[in-house]
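Take a look at the structure below.
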Amino acid sequence: MRVLVTGGAGFIGSHYVRKVLGGAYDSLADAEVVVLDKLTYAGSESNLEPVRDNPRLRFVRGDICDLGVVRDVMRGVDLVVHFAAESHVDRSILGAADFVMTNVLGTQTLLQAAVDAGVGKFVQVSTDEVYGSIAEGSWPENHELEPNSPYSASKAGADLMARSFFRTHGLPVCVTRCSNNYGPYQFPEKVIPLFVTNLLDGKKVPLYGDGLNVRDWLHVDDHCWGIQLVADSGRAGEIYNIGGGTELTNLELTSRLLDAFGADESMVERVPDRKAHDRRYSVDITKISNELGYRPLMSFEEGLAHTIEWYRDNRPWWSTRKDRAKLPGS
Ligand code: NAD
């Protein structure tokens, strides 16, 4: 069994690789893992340090838009788990070209190479943001796509490309759409590691607008487990939402983080809202729960405490990245 993991040097992809090589998933107990990653600002081989010497790991630095490289790494692959993406909404607002290139063209390049190589399963790792924003209730998988940011539009484009390769070429594709992840190794431009590392440095945290935007927070370990269930047993051509974490307004999230540091509201700096900031995301996870037996296992309290501890213990990891992030508030 050989698994190709794209974006395996990023936040979620590296977690998945560490879990696979750590023996967390029975079906991949002996699998060879090939990581294809361009190592953009968001990726680093150091994220794979704990499994670096594992003989089942092969790391290839390359771009998923490069058909030659992609064809090469696709040889002999049984399963593709496709994480590689430009993933930060704020960056997509500043400039969307890289998002379209990597997220749409890169996904199409991988899908074509997977068809040509006769790959057995292709998991397109997507996001709940493709559905837009929902005031009440939760989206089922057949809800229409109403992406509002260039990031989510590019992910929606990739999802549709994946669907077309199933319908047109019969490639066994599954799409997963997950809510907001948090956990160790997350690049410190995303809200939880940004706020945690600011507070570790005694700096204020930048809160967008009125702080009432709602997100469902899921630990990265629960996301990866959901992805593996879909890789093992998801029906080809189907979409599976993954979520069921903890719904919080950004204000509530900020309060929990301030509490964890014994800080008060004086550490909050209100900043102008993000353009077209989606008010609320919420996925209905009935399908993956009923079909595949998924449910999140990590409580937010435990996951957040563990995440804060990780950033406290790994200052060299995040301080260099924060210098590279160069975004307002970081
Ligand atoms: P990340 O930004 O931390 O990592 C992305 C990785 O992809 C990096 O290692 C980067 O070097 C690599 N990459 C970027 N462009 C590439 C290219 N052209 N070729 C090869 N590699 C390239 O992102 P993440 O948070 O780990 O997200 C992983 C996936 O999960 C993405 O597809 C994202 O849309 C999806 N997702 C993320 C979240 C979340 O909360 N972070 C939630 C739902 C879905």
Side-chain angles (χ1 to χ4, degrees), residues 4-18 34-48 59-67 69-70 73 80-92 97-110 113 123-131 147 149-159 162 175-194 215-224 226-227 230 239-243 245 281 283 307 317-318 321 324-325 327:
L4 173 63
V5 182
T6 72
F11 163 48
I12 308 173
S14 70
H15 189 90
Y16 180 77
V17 172
R18 294 191 303 273
V34 181
V35 170
L36 175 62
D37 199 297
K38 186 179 174 181
L39 300 182
T40 66
Y41 77 95
S44 169
E45 264 191 278
S46 67
N47 295 351
L48 295 170
F59 181 84
V60 178
R61 184 173 191 177
D63 191 330
I64 58 167
C65 299
D66 182 336
L67 185 58
V69 172
V70 168
V73 296
V80 177
V81 186
H82 173 33
F83 293 96
E86 287 294 336
S87 69
H88 192 43
V89 175
D90 288 345
R91 287 182 192 269
S92 80
D98 286 349
F99 287 75
V100 177
M101 284 295 286
T102 288
N103 300 359
V104 185
L105 181 66
T107 301
Q108 178 269 328
T109 306
L110 287 163
V123 181
Q124 152 71 2
V125 178
S126 189
T127 165
D128 60 357
E129 301 191 28
V130 297
Y131 296 121
S149 72
Y151 162 67
S152 53
S154 67
K155 292 296 290 188
D159 289 11
V175 175
T176 60
R177 293 187 179 143
C178 189
S179 56
N180 277 38
N181 283 213
Y182 70 98
Y185 294 93
Q186 186 169 30
F187 197 85
E189 64 187 353
K190 305 281 168 66
V191 63
I192 289 184
L194 173 64
R215 299 293 182 261
D216 171 55
W217 289 101
L218 188 72
H219 194 271
V220 62
D221 203 45
D222 282 325
H223 183 189
C224 289
I227 288 170
V230 171
I239 299 164
Y240 293 89
N241 289 338
I242 303 176
Y281 301 134
V283 283
T307 301
W317 184 91
W318 56 262
R321 284 164 176 79
R324 266 191 279 149
L327 276 174

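Counting convention: from 1, in listed order, for ligands and their atoms alike.
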Exercise. Does ligand 1 have any atom that is closer than 4.0 Å to a heavy atom of Ser14?
Worked result: no
Exercise. So, is Gly10 polar-close to ligand 1, with some N/O to N/O distance under 3.5 Å?
Worked result: yes
Exercise. Is the shortest N/O to N/O distance between Thr40 and ligand 1 below 3.5 Å?
Worked result: yes
Problem set entry | ligand 1 contacted by Tyr182 (non-hydrogen, < 4.0 Å) | no
Problem set entry | Part of Ser126 within contact of ligand 1 (heavy atoms, under 4.0 Å) | backbone
For this session: Could you see which bit of Tyr151 sits under 4.0 Å from ligand 1, with heavy atoms only: side chain, backbone, both or neither?
Result: side chain
Problem set entry | Test of proximity, Lys38 against ligand 1: N or O pairs below 3.5 Å | yes
Exercise. Cys178 to ligand 1: N or O pair under 3.5 Å?
Worked result: no
Exercise. Backbone, side chain, both or neither: what part of Lys155 comes under 4.0 angstrom of ligand 1, heavy atoms only?
Worked result: side chain
Exercise. Checking Arg321 against Tyr41: charged group under 6.0 Å from the ring centre and within 45 degrees of the axis?
Worked result: no
Exercise. Does Ala9 have a heavy atom less than 4.0 Å from any atom of ligand 1?
Worked result: yes
Problem set entry | Given Asn241, Ile239, Val230, the one that forms side chain to side chain contact (heavy atoms under 4.5 Å, CB included) with Val175 | Ile239
Problem set entry | Contact check: Asn181 vs ligand 1, nitrogen or oxygen atoms, below 3.5 angstrom | yes
Exercise. Do side-chain atoms of Asn180 reach the backbone of Trp217 as a donor and acceptor pair under 3.5 angstrom?
Worked result: no
Exercise. Is the closest N or O pair between Ala42 and ligand 1 shorter than 3.5 Å?
Worked result: no
Exercise. Looking at ligand 1, does Gly62 have a heavy atom less than 4.0 Å from it?
Worked result: yes
Exercise. Distance under 6.0 Å and angle within 45° of the ring axis: does Arg18 meet both against Tyr185?
Worked result: yes
Problem set entry | Contact check, Phe187 vs ligand 1, heavy-atom distance below 4.0 Å | no
Exercise. Ion pair present between Arg91 and Asp98, side-chain N to carboxylate O less than 4.0 angstrom?
Worked result: no
Problem set entry | The one among Ile242, Asp63, Val130, Val125 that brings a heavy atom closest to atom 35 (C) of ligand 1 | Val125
Exercise. Under a 4.0 Å heavy-atom limit, does Ser44 contact ligand 1 with its side chain, its backbone, both, or neither?
Worked result: neither
Exercise. Looking only at heavy atoms, is any part of Asn103 under 4.0 Å from ligand 1, and if so is it the side chain, the backbone, or both, or is it neither?
Worked result: neither
Exercise. Judged by modelled atom types alone, do Asn103 and Glu86 share a side-chain donor-acceptor pair under 3.5 Å?
Worked result: no
For this session: Say whether Thr6 and ligand 1 are in contact under the criterion: heavy-atom distance to a ligand atom below 4.0 Å.
Result: no
